A.B. asks: 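The following block contains the structure, expressed as structure tokens.
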Amino acid sequence: MGHLTGKTVIITGGGRAVLENGKAGSIGYGIATAYAKEGANIVITGRNVKKLEEAKEELERLYGVQVLPVQADISAGADNAAIAKATVDKAMEAFGRIDVLINNAQASASGVTLADHTTEQFDLAMYSGLYAAFHYMQACYPYLKETKGTVINFASGAGLFGNYGQCAYAAAKEGIRGLTRVAATEWSRDGINVNVICPLAWTAQLEQFQKAYPDAFEKNVHTPPMGFFGDPEENIGRACVQLAHPDFKYMTGETLTLEGGLGLRP
């Protein structure tokens, strides 16, 4: 029996992606795999139904858990509060409780300079990341209050360090960091643990980029000081599991950086 058997986690951006070696190839799927190994009921959201269904099939087959895929897209012009509420309502109908919310989903037009960024590109990052976190946190709050649950949001070194060509992405991620700290202050009295992770992971996208554009990869992607990139499941997913472990007490509102190792930034 896993540490989180009977618990329910919502993971945004949890569709299946794998590396050439068969390991989890995206942060969302890595987190879902780590939670599946601990026996949790899993709700995964995303835009790509095929990737969601593939994740459901594999996680249920390998780990015997229940997975609910929900197509959902927080975007400009949509009724985003209703989209988040509908996802949460489906989770409650299926599993009767919500213990963990993980806001992982994020889209952006990386590589476009600030001077060249369009409003549509800026909106893409803000809605898929910052607004999505806001709406899902609001929708989940009453249920997390009941379970004394956990919120884990995802920010990025792009915002911490001002990465070139990532203005909208960095702005969205820094907004998420601020939102997380406010929630940690306001929700701690309700017993809700709130933290933010800034990961640097080896993903299928990076793997494909390295193969297609080796010169650009060499110039722009730098190995972390520890000498390796974070593994989506073993490093980042397991950190997410630890933050939700019922016996684990962590200083709420802190930022974890996962760049081939685990460190803390105040």
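Remember, predicted model here, so these are calculated numbers, not experimental data.
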A.B. asks: Just so I know, are the side chains of I11 and I42 near enough to count as touching, which here means a heavy-atom distance under 4.5 Å?
C.D. replies: yes
A.B. asks: Would you say L62 has more than 12 foreign heavy atoms packed within less than 6.0 Å of its CG?
C.D. replies: yes
A.B. asks: Please work out whether the ring planes of F229 and W202 are parallel, tilted or perpendicular, with thresholds of 30° and 60°.
C.D. replies: tilted
A.B. asks: Between E58 and R61, is there a salt bridge with N-O shorter than 4.0 Å?
C.D. replies: yes
A.B. asks: What residues, two or more places apart in sequence or in another chain, satisfy side-chain contact (heavy atoms from CB on, under 4.5 Å) together with A82?
C.D. replies: D79
A.B. asks: Is the shortest side-chain N to carboxylate O distance from K211 to E20 below 4.0 Å?
C.D. replies: yes
A.B. asks: Flag yes if more than 12 heavy atoms outside R47 fall under 6.0 Å of its CZ atom; otherwise flag no.
C.D. replies: no
A.B. asks: Donor-acceptor pairs under 3.5 Å, side chain of residues 87-96 to any protein atom, not counting sequence neighbours: which ones?
C.D. replies:
residue: T87; atom: OG1; partner: I83; partner atom: O; Å: 3.1
residue: T87; atom: OG1; partner: Y136; partner atom: OH; Å: 3.4
residue: D89; atom: OD2; partner: K85; partner atom: NZ; Å: 2.8

A.B. asks: Pair up each side-chain donor or acceptor in residues 27-34 with any protein partner under 3.5 Å, not counting sequence neighbours, and list the distances.
C.D. replies:
residue: T33; atom: OG1; partner: Y29; partner atom: O; Å: 2.9

A.B. asks: Should we count CD of Q205 as having more than 12 external heavy atoms under 6.0 Å?
C.D. replies: no
A.B. asks: Report yes or no: do N153 and T180 form a side-chain donor-acceptor pair below 3.5 Å?
C.D. replies: yes
A.B. asks: Between Y143 and D99, do the side chains contain a donor N or O and an acceptor N or O under 3.5 Å apart?
C.D. replies: no
A.B. asks: So Y131 and F134, would you call those rings parallel, tilted or perpendicular, with 30° and 60° as cut-offs?
C.D. replies: perpendicular
A.B. asks: Should the pair K23-E233 be classified as a salt bridge under the 4.0 Å nitrogen-to-oxygen rule?
C.D. replies: no
A.B. asks: What I want to find out is whether R238 reaches E234 closely enough, with some N-O distance under 4.0 Å, to be called a salt bridge.
C.D. replies: no
